Amino acid sequence: MKKIRVDLAERSYDITVGTNVLKKIGDILRPFGLGPKIAIVSNPTVFSLYGRPVVNAIKKAGFDACTVSIPDGEEYKSLLWLQHIYNELLAHKLDRSSALIALGGGVIGDITGFAASTYMRGISYVQMPTTLLAQVDSSVGGKTGVNHHLGKNMIGTFWQPRLVWIDTETLKTLPGKELLAGIAEVIKYGVIWDKELFDFLDDKKGKILDLDERAVKQIIKRSCEIKADVVSRDERESGLRSILNFGHTLGHAIETATDYKRYLHGEAVALGMCLEARLSQKLKLIDTKEVERITRLIDSFGLPSALPADIDMERILSSMQLDKKAIAGELKFVLPERIGRVRIHKGVAGRAIKDLLKS
Ligand code: NAD
Ligand code: GLY
């Protein structure tokens, strides 16, 4: 098993990456000084695959386990379903010493973390991420939240988990498209921080897509190390942490412009990374060859690398508040200077984005 530390003084915790380790979670939690009650929050898709071994492990370790289920889908990461979680926690009489376990992808992780941060002014929670995206990104770093009808992730907190417990075996049941969405975030770490990781993804593409255990563990471990390093230095995104948003500014605008229906988040980020790399090239911050390599790697994984002809450019621009009135404004972007290094560029002219999208 591989262990990575997120170093945040009294809020520090470990990320553990293993195979077939779901059933160990009970024993692992014994020394955490938790009270007897633990609630496992999941959705029916994930619970039917992995719920039983987790519940059994928790009970075997002497805890009193209950389960909370929310429907499967981004639309349920909402205040309404948060209320449902609170109702269940109160009905099961969880108290300040109790803990929650988030068993699922980023949706379950975000809403469970938010519930933990607010229930009785904050209780412990554990992340057991079951998608690649959650294993390499959302389960680490303590960003929690729910969506509001006026915007995604608009209500939330920073609340660190006590532990992130990753079982790579869960990826075997993950739909291929979801796996690729997670790979987009791993490519992001390669571009922003680690050329070796980028090269590894290029060299071991076949093995990664075949879920070769060593290759998959390696990319998860390295991604978590990078995220842990960044979060340990800038927990609340006052500077450095924003480099994790590479590809996300345009990616998010593309998701909004397509009503969150056309692309998974990771797919939109892949497209956003290609566009933002091209933006960097247009601003003469990066060599053309590097941009071509980034685009080629994204494309070779079968992730989107170019805007489709039928996309509504005006909607992308307006979701970035770059409509006709604001086109003279400036935006902040994370732009690559070479593979493995990015800079935060504060003064990108609205006109440059417009030209990029229309070229
Ligand atoms: P998700 O949680 O919706 O999971 C994707 C799908 O895979 C779901 O249908 C889920 O039921 C299913 N699934 C999960 N694990 C499975 C498994 N092992 N086998 C079969 N099916 C499985 O999506 P996601 O991509 O994991 O997460 C996206 C969410 O994460 C978004 O809400 C996003 O805002 C959030 N996010 C948060 C952060 C953060 O730092 N907190 C970072 C990135 C993304
Ligand atoms: N996913 C970006 C962050 O955690 O900051």
Side-chain angles (χ1 to χ4, degrees), residues 6 22 41-51 53-54 69-78 81 102-114 117 125 127-148 151-161 164 166-186 188-189 192 211 216 223-224 226-249 251-252 255-256 260 263-269 334:
V6 183
L22 286 183
V41 184
S42 194
N43 69 32
T45 314
V46 177
F47 195 86
S48 66
L49 292 163
Y50 305 110
V54 174
S69 182
I70 60 173
D72 187 358
E74 182 71 40
E75 64 271 39
Y76 304 104
K77 200 176 97 176
S78 65
W81 285 92
L103 177 67
V107 166
I108 291 293
D110 280 11
I111 192 168
T112 306
F114 188 65
S117 73
Y125 78 112
Q127 291 276 12
M128 293 186 75
T130 60
T131 63
L132 183 61
L133 184 133
Q135 295 179 353
V136 299
D137 187 0
S138 63
S139 66
V140 176
K143 278 190 184 175
T144 82
V146 293
N147 301 323
H148 186 274
K152 223 182 143 213
N153 295 327
M154 281 297 150
I155 320 286
T157 54
F158 285 99
W159 189 249
Q160 300 296 339
V164 179
I166 298 173
D167 189 337
T168 58
E169 198 64 13
T170 58
L171 299 179
K172 291 200 172 148
T173 54
L174 193 64
K177 228 170 126 68
E178 299 287 351
L179 183 77
L180 290 180
I183 285 172
E185 298 286 356
V186 183
K188 176 191 80 181
Y189 292 118
I192 64 169
L211 293 181
V216 167
S223 300
C224 288
I226 296 168
K227 184 141 187 196
D229 197 355
V230 171
V231 168
S232 298
R233 295 192 219 188
D234 177 22
E235 183 183 9
R236 290 186 168 238
E237 201 170 311
S238 45
L240 178 71
R241 186 165 176 167
S242 63
I243 68 170
L244 299 174
N245 296 332
F246 170 55
H248 285 59
T249 308
H252 187 68
E255 280 183 285
T256 312
Y260 293 91
Y263 297 106
L264 293 177
H265 173 70
E267 292 174 327
V269 167
V334 176

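As the structure lists them, so they are numbered: ligands from 1, and atoms in each ligand from 1. Predicted, not measured: the structure shown is a model, and the values here were computed from it.
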_Contacts of type side-chain contact (heavy atoms from CB on, under 4.5 Å), residue V186, not counting sequence neighbours_ = V136, L197, L201, I219, S223

*With a 4.5 Å limit on heavy-atom distance, are the side chains of L174 and T130 in contact?*
no

*asked:* Within the 4.5 Å heavy-atom criterion, are Y260 and T256 side-chain neighbours or not?
replied: yes

*Are D137 and K227 close enough that some pair of their side-chain heavy atoms sits under 4.5 Å apart?*
yes

*Which protein residues have a heavy atom under 4.0 Å from ligand 1?*
N43, T45, V46, L49, Y50, D72, E74, K77, G105, G106, V107, D110, T130, T131, L133, D137, S138, K143, K152, N153, T170, T173, L174, P175, E178, K227

*Would you call F246 and V269 a side-chain contact if the rule is heavy atoms closer than 4.5 Å?*
no

*Does the side chain of V46 come within less than 4.5 Å of I108's, by heavy atoms?*
no

*Would you please say whether a donor-acceptor pair under 3.5 Å links the side chains of Y50 and S42?*
no

*May I ask you to test the I166-C224 pair for a side-chain heavy-atom distance under 4.5 Å?*
yes

*asked:* Tell me which pairs pass salt bridge (Lys or Arg N to Asp or Glu O under 4.0 Å) where either residue lies in residues 239-249, with sequence neighbours left out.
replied: none

Output, or 'none' if empty, a list of ligand 2-protein atom pairs in which both atoms are N or O and the distance is under 3.5 Å, rounded to 0.1 Å.
{"unit_1": "ligand 2", "atom_1": "1 (N)", "unit_2": "D137", "atom_2": "OD1", "d": "3.1"}
{"unit_1": "ligand 2", "atom_1": "4 (O)", "unit_2": "K227", "atom_2": "NZ", "d": "2.6"}
{"unit_1": "ligand 2", "atom_1": "4 (O)", "unit_2": "R241", "atom_2": "NH2", "d": "2.7"}
{"unit_1": "ligand 2", "atom_1": "5 (O)", "unit_2": "K143", "atom_2": "NZ", "d": "2.9"}
{"unit_1": "ligand 2", "atom_1": "5 (O)", "unit_2": "R241", "atom_2": "NE", "d": "2.8"}
{"unit_1": "ligand 2", "atom_1": "5 (O)", "unit_2": "R241", "atom_2": "NH2", "d": "3.3"}

